[in-house]
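Before any comments, here is the structure.
What you see is a predicted model, and the numbers here were worked out from it, not measured in a lab.
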Amino acid sequence: MRKMVTLLLICTFVFTNVFINVQPIDAEELGNSVKEDVSNQTEIDENSKLEEQTSDEQLENEEKDSSNTVEPSTEVLNTENTVINKNPNEQNDNANSWRYTNGELDSGKTESDISMFASPYNPNSTKKGIDVSEHNGNIDWEKVKASGIDFAILRCGYGDNISSQDDDFWERNVSECERLGIPFGVYIYSYATTTAGAQSEAQHVLRLIAGHNLTYPVYFDMEDQLSNGQPVAGSNANLATIANTFCTTINNAGYAVGVYANTNWWNHFLTDPCFSKWHRWVAQYNTTCEYEGDYAIWQYSSAGTVAGISGYVDMNYLIGYPADHGEGNKYNIPANLINAVQYQSHVQDIGWQSLMSNGLITGTIGQNKHIEAVEFVTNYDLGIGIEYQTYVEGIGWQDYVQDGEIAGTVGLNKKIEAIRIKLTGDNAEQYVLYYRAHVSNFGWLDWAKDGNEAGSVGYDYQMEALQLILLPAGSAAPGNTDNPYYYQDSSFQLKTTAHVSEIGWQAPVGNNEISGTTGKSLGIEAFKLNDGKGKLNFKYASYVPGEGWQKSVTNDDISGTVGKAKKIEALKIEVDSQEYSVYYRVHVTNIGWLGWAKDGEEAGTSNYNYGIEAIQVKVVQKSDSDTIVTGNAFQTKQPDVEYQAHVRNIGWQSVSKNGDIAGTTGKALAVEALAIALKSTPYAGGIRYQAHVRNVGWQNWNRDGQIAGTTGKALSIEAMKIELTGEMADNYDIYYRTHVSDYGWLGWTKNGEMSGTQGCAKPVEGIQIKLVKKGDTFTEEDSGKEPSIVK
């Protein structure tokens, strides 16, 4: 935020047309003096006319001591002809500030010893913005928008409601932001030392923003100070009164409002409880913002560079998703759930952090600090509660605790490594809870859900941050749910090794880690498992195209093929243990990750000709296995039966399949020929079929797409027999029925039995065929009818 600022060793007290020599005084004395001045000053009616004005000649003749004398005040008119006692610093935009001297940035006055060019970070930063004024010159806003800037806070002016104190680039900046759809708010640099001044500054803002559509609030920039660092406006109480006048006026006009200041001001001067009613904009040029209260925007540097702006510009982060600050929560959290759950963490060397609301992050990132304890609170009005337990170093899984209770430890310097969280209460089923952990050496893991583990166990890695999102039941996960938790038992050392096409053998990976690749369309051709400590024995097998299921192999033997360019389509794994279960899942071409299988179940696909690209295997104690959801680990594409009829006066029709009607009904058109085939069969074998043709009788059997019947001879098919062959006959049934002239649909039959008529001279006009897996239910339509008629 650039403002013309003068840091002079003077202090200004405005008594109308009087200049007072002052000696340096302490803060309490300054505060008392300003209080007395405020109490004694007669409030000026905004509609009163100017009765008396100090002439320029009088001011020029007044003697001033530049080191010990307060700057002279002048009386000028605001836009409503109200007398405002003016400081020439305000007229010239030469404010004293914690970071500017004579309107120029003093690089020696940063908020910390850390360079303004350091990399700042806040785990809850959601948008990046800038704040600008006329001192940033003519801005190319199209380039600014293209650079990725999410919002802007525009200076509209400074000081009292005088048009000469409007920001010279306000109109251009605001019109460009509106033209390009850049969300914006405004700020005014305040010189107010009285409520009258604050009221005038509020009117200054309202005059300029009338007719404009602000997305962000109006911010009251409070930083005008003396050379000793004390506010020009005096005591904390007077600062609160001034802010209350300004902010209430803006609020009453229908605008959101906030206050800007640096951390020193927030910690020492702007401490009145009234400031909690408005948004805080905190300035601190640092890698982190150390202000411990709640704040909506963090100004982290005045030395940013952005395309479209010449020179340096102030940089800001929006923190979280405060109301009246642009777009809502990116996780689409309903308004009634924003504060439905709140949580805080106790962090190493920091202690308890502030409460975070639904969707935000607690903890730290990039500071190598572990979370030691957590606490959650829910809104009982929703009819839900919360239970949670943590895995603590040297302790293991603690017992579950509930709303408002502490999980973890405080004062023992023990890190939390993993966590489980679940909803309770009568209405728990109406909501879904997602959460994820940021773990050292792993970073952000994926999202866990409703009581499952998040974090890691067995790696001695610390959990550094936690994010939780409560949503209505049925809501999609806010991100990937593949890997929310890593576990390894120190008593064994699982190693999974994959042979990948075009790569070869990869390095072994550990328990719950991923072997293979994703997103590269490279299939796994072989894999092997072993326990590096020799405690566990594994048995595993692969399904290979053209070979089917291979025989199971054991520890460190190769399953699959090498050098044949054949990708594995499915696998199954077992572990010989009464104590442990093995879980595994696969990433499949064109599908992605399938669900978890366990202890010998099939994982992968069949009949799709898709390959496994990645494998994830984890071994867990049986006592923990009930927390892992299995299912949808194996997908098989059902084989199809396809058939095509040649119909009198029509010829060959298009292909029908799986119960569709081939031929016609109600048109007295005979089927003269038929071809049948199986597609995508999971087993060896095929199909054969035989036609009874008018004036010919039963023909020889035909197979797999050959033509049964005749074409071009005007001879109708009168009956059919159809059956499966090989392994397909062992695993499937083939059902079929015919539509016969003068009889209509006959009943269903299966597996080589006759359908149609013989000796009746009645042609088949239509046919249906269905392939049904043995053991599956088949509903027979017209079940009371005979499938064939013989005379």
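When all heavy atoms are compared, the tightest approach of Tyr486 to Leu445 is CE1-CD2, 3.4 Å. Scanning all heavy atoms of the two residues, the minimum distance from Lys567 to Gly523 falls at CB-CA, 4.3 Å.
The ring-ring contact (aromatic ring centres under 6.0 Å, His included) test applied to Tyr331 returns no partner, not counting sequence neighbours. Scanning for salt bridge (Lys or Arg N to Asp or Glu O under 4.0 Å) contacts around Lys145 gives an empty result, with sequence neighbours left out. Among residues two or more places apart in sequence or in another chain, the side-chain hydrogen bond (donor to acceptor under 3.5 Å, both in side chains) test is passed with Asp704 by none. With sequence neighbours excluded, the residues satisfying ring-ring contact (aromatic ring centres under 6.0 Å, His included) with His438 are Trp444. Annotation: salt bridge (Lys or Arg N to Asp or Glu O under 4.0 Å) contacts of Lys143 (sequence neighbours excluded): none. In this structure, the ring-ring contact (aromatic ring centres under 6.0 Å, His included) partners of Tyr580, at least two apart in sequence or on a different chain, are Phe492. Under the ring-ring contact (aromatic ring centres under 6.0 Å, His included) criterion, Tyr683 pairs with no residue at all, not counting sequence neighbours.
Lys533 NZ: more than 12 foreign heavy atoms inside a 6.0 Å radius. The environment of NZ in Lys564 is sparse: at most 12 heavy-atom neighbours from other residues, nucleotides or ligands sit within 6.0 Å. Within a 6.0 Å radius of NZ in Lys369, other residues, nucleotides and ligands contribute more than 12 heavy atoms. Shown here is Lys637, whose NZ atom has no more than 12 heavy atoms of other residues, nucleotides or ligands within 6.0 Å. When the shell of 6.0 Å around NZ of Lys774 is examined, it contains more than 12 heavy atoms from other residues, nucleotides or ligands.
No side-chain donor-acceptor contact under 3.5 Å links Ser440 and Gln462. No side-chain donor-acceptor contact under 3.5 Å links Asp482 and Gln616. Side-chain atoms of Glu569 and Asn607 include no donor-acceptor pair closer than 3.5 Å. Side chain to side chain, Ser357 and Asn339 meet the donor-acceptor criterion of an N or O pair below 3.5 Å.
Taking the six-membered ring for Trp and thresholds of 30 and 60 degrees, Tyr391 and Trp397 have ring planes more than 60 degrees apart, a perpendicular arrangement. The aromatic rings of Tyr461 and Phe442 sit perpendicular to each other, their planes meeting at more than 60°, with 30° as the lower class boundary. Using cut-offs of 30° and 60° on the angle between ring planes, the pair Trp298 and Tyr317 is tilted.
Contact of the Thr561 side chain with the Glu547 side chain is registered, since non-hydrogen atoms from C-beta on lie closer than 4.5 Å. With a 4.5 Å cut-off on side-chain heavy atoms, Glu142 and Ile182 do not count as touching.
Contacts classified as salt bridge (charged side-chain N to carboxylate O under 4.0 Å, His left out) and involving residues 389-400 (residues at least two apart or in different chains) are given here: Glu393-Lys415. Listed by first and then second residue, the salt bridge (charged side-chain N to carboxylate O under 4.0 Å, His left out) pairs that reach into residues 607-619 come to none, sequence neighbours excluded. Listed by first then second residue, pairs satisfying side-chain hydrogen bond (donor to acceptor under 3.5 Å, both in side chains) with a partner in residues 515-528 read His499-Glu525, not counting sequence neighbours. The ring-ring contact (aromatic ring centres under 6.0 Å, His included) pairs that include a residue from residues 600-619 are Tyr608-Tyr610, where partners are two or more places apart or lie in different chains. Pairs passing the salt bridge (charged side-chain N to carboxylate O under 4.0 Å, His left out) check and including a residue from residues 493-507, sequence neighbours excluded, do not occur.
Remark: of the listed residues Phe538, Tyr583, Tyr487, Phe538 is the sole one forming a side chain to side chain contact (heavy atoms under 4.5 Å, CB included) with Val619. Tested against Asn530, the residues Asp557, Thr554, Asn555, Asp556 include a single side chain to side chain donor-acceptor pair (under 3.5 Å) partner, Asp556. His370 pairs with exactly one of Glu417, Gln348, Lys414, Glu464 by the side chain to side chain donor-acceptor pair (under 3.5 Å) rule, that one being Gln348.
Proximity of the aromatic rings of Tyr540 and Tyr584 is defined here by a centroid distance below 6.0 angstrom, and this criterion is not met.
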